[in-house]
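Reading through the structure tokens given below for one structure.
Residue numbers count from 1 along this sequence.
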Amino acid sequence: MHELGTQLGWQFGAFWLLDDAIEQLRCAAVWRSGRYSEFEATTRARTFARGRGVPGAVWEKGEPVWMKDIRDVDRLPRQEVARREGLHAAFAFPIFGVAEGPATARSGEQRTNIIGVIELYSEHVEPPDEHMLNAALSLGFQLGIFIESRRAHDAARSQRVRNAAVVEIALDCIITIDHEGRILEWNPAAERTFGHQRSEVLGRQLAETIIPPRYREAHYHGFARYLQTGEGPILGRRIEVEGMRANGSTFPCELAITRVPVAGPPTFTAYLRDVGDQRRLQATQELLLRASKVLLSYLDGHRMLCDLSAVVVPAFADWYTVDVVQGDQSIHRLEIKHRDPEKVHLAKELATRYANRAESTHGARAAIRTGRSQLVTEITDEILRGVASDEEHLELMRALGLCSLIVVPLRARSTVLGAITFVTAESRRHYDKRDLVVAEELASRAAQAIENARLFADVEDARELLEQQATELEAQAADLETATSDLESSNAELRRANEELTKRTAEAERARGDAEAARNEADEANRAKSDFLAAMSHELRTPLNAIIGYAELLDVGIRGAINDEQHGDLNRIQRSAQHLLGLITDILNYAKLESGRIEYEIESTSLSEALKAVDELVAPLAAAKQIACDLRTDCPDVRVCADPDKLRQILINLLSNAIKYTDDGGRVGIRCATNDKHVLIDVIDTGVGIPADRLDSIFEPFVQVERSYAGHRQGTGLGLSISRDLARGMGGELTVRSEFGQGSVFTIRLLADGHHRAPSHR
Ligand code: ADP
């Protein structure tokens, strides 16, 4: 463009390319002779649709456009700027593509299409130049061919670049070999995976480089057969093979081989992927799954640990040992396992003969002591020497061909329960950090399982205890039920008894009510009787006193002199009246006693004085019958608690009875005795006595012993009844002893002085 402009003497040029995506011409490059910066900016910023502006006009017409001076043309988009910057003539021509496409209007004879436009401006007004117009047409074709071939080249190159980049950055190994099996291509992934540099393997036999020796024969055989017959069972399929690294170690890999579609001898590309990690992951998952099954199947921790050996050997280790901490903190080897029983035997012997030294930094004891895992990738001779007790021990250990070791503690929440040791030997497997993670996971699950088993045992114990308690409780409940039903039946009995009692109480109440009513009735009758007796006695005494009084008056001659006969009659009247008065007085006294109207004035009373007063009254009665009556006592000073009047009355009653029921010439006397509380006064006679069967009844009112033996003696049968009531009214008693025909002794018992009780009222 620069050449073009300079050569032809134009000052500004622009190269427009058709952008198929937007169907517009887009500025691809600008050339200018130092000035016209504004016009350049405007040009670069624009795109032109078909027919718009100078480039659009060229595209539409399909032929060059010449403008002597753009000022002469109307409404060109960049006209203003061009004018300002002093541009005049414009010349533009199409660039034709060779590919097939719609022909433009004017170039029907040749099937061309426009792929771009060249646009030139001059600072001068330039008239059209025929020669230049023709040259421009041919230039347009040449430019088109050039641009298109350049584009094709670029496309091919970028495809190559892209392919190479894919191969370079691919994660899979991409190895190309020729028909003789020599390596033609070896990408960086192959370098990383197999440990061979590209430069050292190019041209080498693939089989020698990456296939383990034992598979090489089969590989050659299969390769030759393919070349002969075109049959390749492994071509185009994904298979799993074993790869070999530069250091001789092998690993599982997935392989797919394709034949490269080029002419000539066959070329193959192999895609390989190390699936070691994937297989290891699968193996780990399988191992942990199987271990978990074992750990979940028992409730005995130690049995679990022993059975874990079947999972671990040989999948993860050649040797598996478990050491556990016992109750006394000593360490016990619970299990040692190897596929070969003879080796197990040897190892056990070694363990017995050369007990693991406690201070060793390797082994189960150290893991239990520190609670830390150990990983020994390579069991070196140095390590063995460190562990060995002596030369012989060292030799025996060397003979086991131990390769790699992992020890993991069995950590429970707060303690280390033991340790598991995994050792490789024959398998030549070298443990790494990833294996340590697996081993630790295994140990953690085992410890958890043991802990769970213990917890379960505890729960089981607790459950048994609960069951036992529940049984006891049930028994107690049964006892309680029996007791309750016993209680219920005895309760029912009680209720029945209670009902019976209530019934009987009611009956008793009724009976008591009846009795009370009867008693009330009796009391009422008694009171009526007493009232009647009192009233009658009173009414009788008044006229009787009048009889006695008038008889006395007549007897003393107040109405005139009386003769002896009259005197005798008057005396009989007086005696009878006196007797009647006595009877009435008795009845009155009894009636008073019965109705409770007697009042007692208890005081310290001299017995001698009472007897003295009585003596005056009874002495004439005794004298009349020539009865010796002696009222002196042995205890003249004795004093009793008594109402003096009542005491005298009792004494009179008893003494007059004694005289009354004693025949002439008999004896009547008094005897006195005291004890700490009482004074006993006996009234003794030598009279007729009382039959034994009548002793109780003589104290009843109106009772008189049969006249046949008592003789005809006047009385009411009230004297003893009154006397006993009076004695009792003073806190004493009246009793009798008698021998029929021999005499009687009536005893008054009274409280001795100083034992005075509150006066009782009857
Ligand atoms: P009575 O007025 O008949 O004497 P009492 O009550 O004084 O009534 O006596 C009751 C009965 O006791 C008397 O009828 C008599 O048979 C008998 N009796 C009382 N005192 C004596 C006595 N000292 N000797 C024998 N019998 C007596």
Side-chain angles (χ1 to χ4, degrees), residues 1-20 22-33 36 38-40 42-98 101-147:
M1 172 96 49
H2 177 74
E3 290 298 311
L4 199 66
T6 315
Q7 292 288 319
L8 300 177
W10 298 75
Q11 284 74 45
F12 185 94
F15 172 37
W16 299 86
L17 273 174
L18 182 63
D19 186 337
D20 289 328
I22 57 171
E23 289 200 353
Q24 297 222 359
L25 288 167
R26 186 188 293 284
C27 179
V30 166
W31 161 80
R32 57 184 171 95
S33 60
Y36 318 115
E38 194 186 350
F39 192 69
E40 180 188 343
T42 313
T43 300
R44 282 190 188 279
R46 281 217 58 135
T47 58
F48 284 101
R50 189 192 287 262
R52 287 285 296 148
V54 177
V58 173
W59 181 12
E60 191 177 47
K61 289 177 177 164
E63 57 188 30
V65 168
W66 193 294
M67 294 174 187
K68 194 174 66 182
D69 190 342
I70 52 169
R71 294 172 200 232
D72 304 337
V73 186
D74 283 340
R75 294 210 305 270
L76 281 172
R78 291 167 292 168
Q79 203 164 36
E80 267 313 301
V81 185
R83 202 177 282 164
R84 246 197 327 272
E85 296 205 315
L87 290 171
H88 291 276
F91 168 48
F93 57 91
I95 302 167
F96 298 103
V98 288
T104 51
R106 293 283 302 273
S107 51
E109 68 276 12
Q110 196 171 358
R111 293 178 62 84
T112 57
N113 67 350
I114 288 167
I115 59 168
V117 172
I118 298 284
E119 188 184 33
L120 298 166
Y121 285 87
S122 169
E123 58 187 345
H124 307 291
V125 174
E126 302 274 359
D129 179 342
E130 266 314 303
H131 175 68
M132 201 163 156
L133 277 167
N134 285 335
L137 265 179
S138 126
L139 189 65
F141 278 109
Q142 284 172 19
L143 272 173
I145 290 166
F146 172 74
I147 288 169

Applying salt bridge (charged side-chain N to carboxylate O under 4.0 Å, His left out), can you list everything that pairs with Arg78, at least two apart in sequence or on another chain?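 Partners of Arg78 under the salt bridge (charged side-chain N to carboxylate O under 4.0 Å, His left out) test: Glu119.
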Could you work out, with salt bridge (charged side-chain N to carboxylate O under 4.0 Å, His left out) as the rule, every residue matching Asp129, not counting sequence neighbours?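 Once residues adjacent in sequence are excluded, Asp129 has no partner under the salt bridge (charged side-chain N to carboxylate O under 4.0 Å, His left out) criterion.
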Run through Val58, Val54, Leu18 and flag the one making a side chain to side chain contact (heavy atoms under 4.5 Å, CB included) with Val117.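 For Val117, the side chain to side chain contact (heavy atoms under 4.5 Å, CB included) test succeeds with only one of Val58, Val54, Leu18, which is Val58.
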Provide the closest heavy-atom pair for [X] versus [Y] in the form atom of the first, atom of the second, distance.
{"X": "Trp10", "Y": "Ala89", "value": "CZ3-O, 3.7 Å"}
{"X": "Trp59", "Y": "Glu23", "value": "CH2-O, 3.5 Å"}
{"X": "Gly53", "Y": "Pro77", "value": "CA-CD, 3.7 Å"}
{"X": "Phe48", "Y": "Pro55", "value": "CD1-CG, 3.7 Å"}
{"X": "Tyr36", "Y": "Gln11", "value": "CE1-CB, 3.6 Å"}
{"X": "Pro127", "Y": "Val125", "value": "CD-O, 4.0 Å"}

For the [atom1] atom of [X] and the [atom2] atom of [Y], what is their distance to the nearest 0.5 Å?
{"X": "Met67", "Y": "Asp72", "atom1": "CE", "atom2": "CG", "result": "10.0 Å"}
{"X": "Glu126", "Y": "Leu120", "atom1": "CD", "atom2": "CG", "result": "11.0 Å"}
{"X": "Glu40", "Y": "Arg32", "atom1": "CD", "atom2": "CZ", "result": "4.5 Å"}
{"X": "Asn134", "Y": "Leu139", "atom1": "CG", "atom2": "CG", "result": "12.0 Å"}
{"X": "Leu25", "Y": "Arg46", "atom1": "CG", "atom2": "CZ", "result": "11.0 Å"}
{"X": "Gln142", "Y": "Ile147", "atom1": "CD", "atom2": "CD1", "result": "12.0 Å"}

Hey, does the side chain of Glu85 reach the backbone of Glu38 with a donor-acceptor pair shorter than 3.5 angstrom?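 A pair under 3.5 Å: yes.
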Less than 4.5 Å apart, any side-chain heavy atom of [X] and any of [Y]?
{"X": "Thr43", "Y": "Trp16", "result": "yes"}
{"X": "Phe96", "Y": "Ile115", "result": "no"}
{"X": "Leu133", "Y": "Phe91", "result": "yes"}
{"X": "Arg71", "Y": "His88", "result": "yes"}

Assess the residue pair Gln24 and Asp19 against the criterion (side-chain contact (heavy atoms from CB on, under 4.5 Å)); give the C-alpha distance rounded to whole Å, side-chain angles, the decisive distance to 0.1 Å, and a yes or no. CA-CA 6 Å; Gln24 297 222 359; Asp19 186 337; 5.6 Å; no
List for me each residue that meets ring pair (Phe, Tyr, Trp, His ring centres under 6.0 Å) alongside Phe39, sequence neighbours excluded, and say none if there are none.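 If we apply the ring pair (Phe, Tyr, Trp, His ring centres under 6.0 Å) test to Phe39, skipping adjacent residues, the hits are Phe12, Tyr121.
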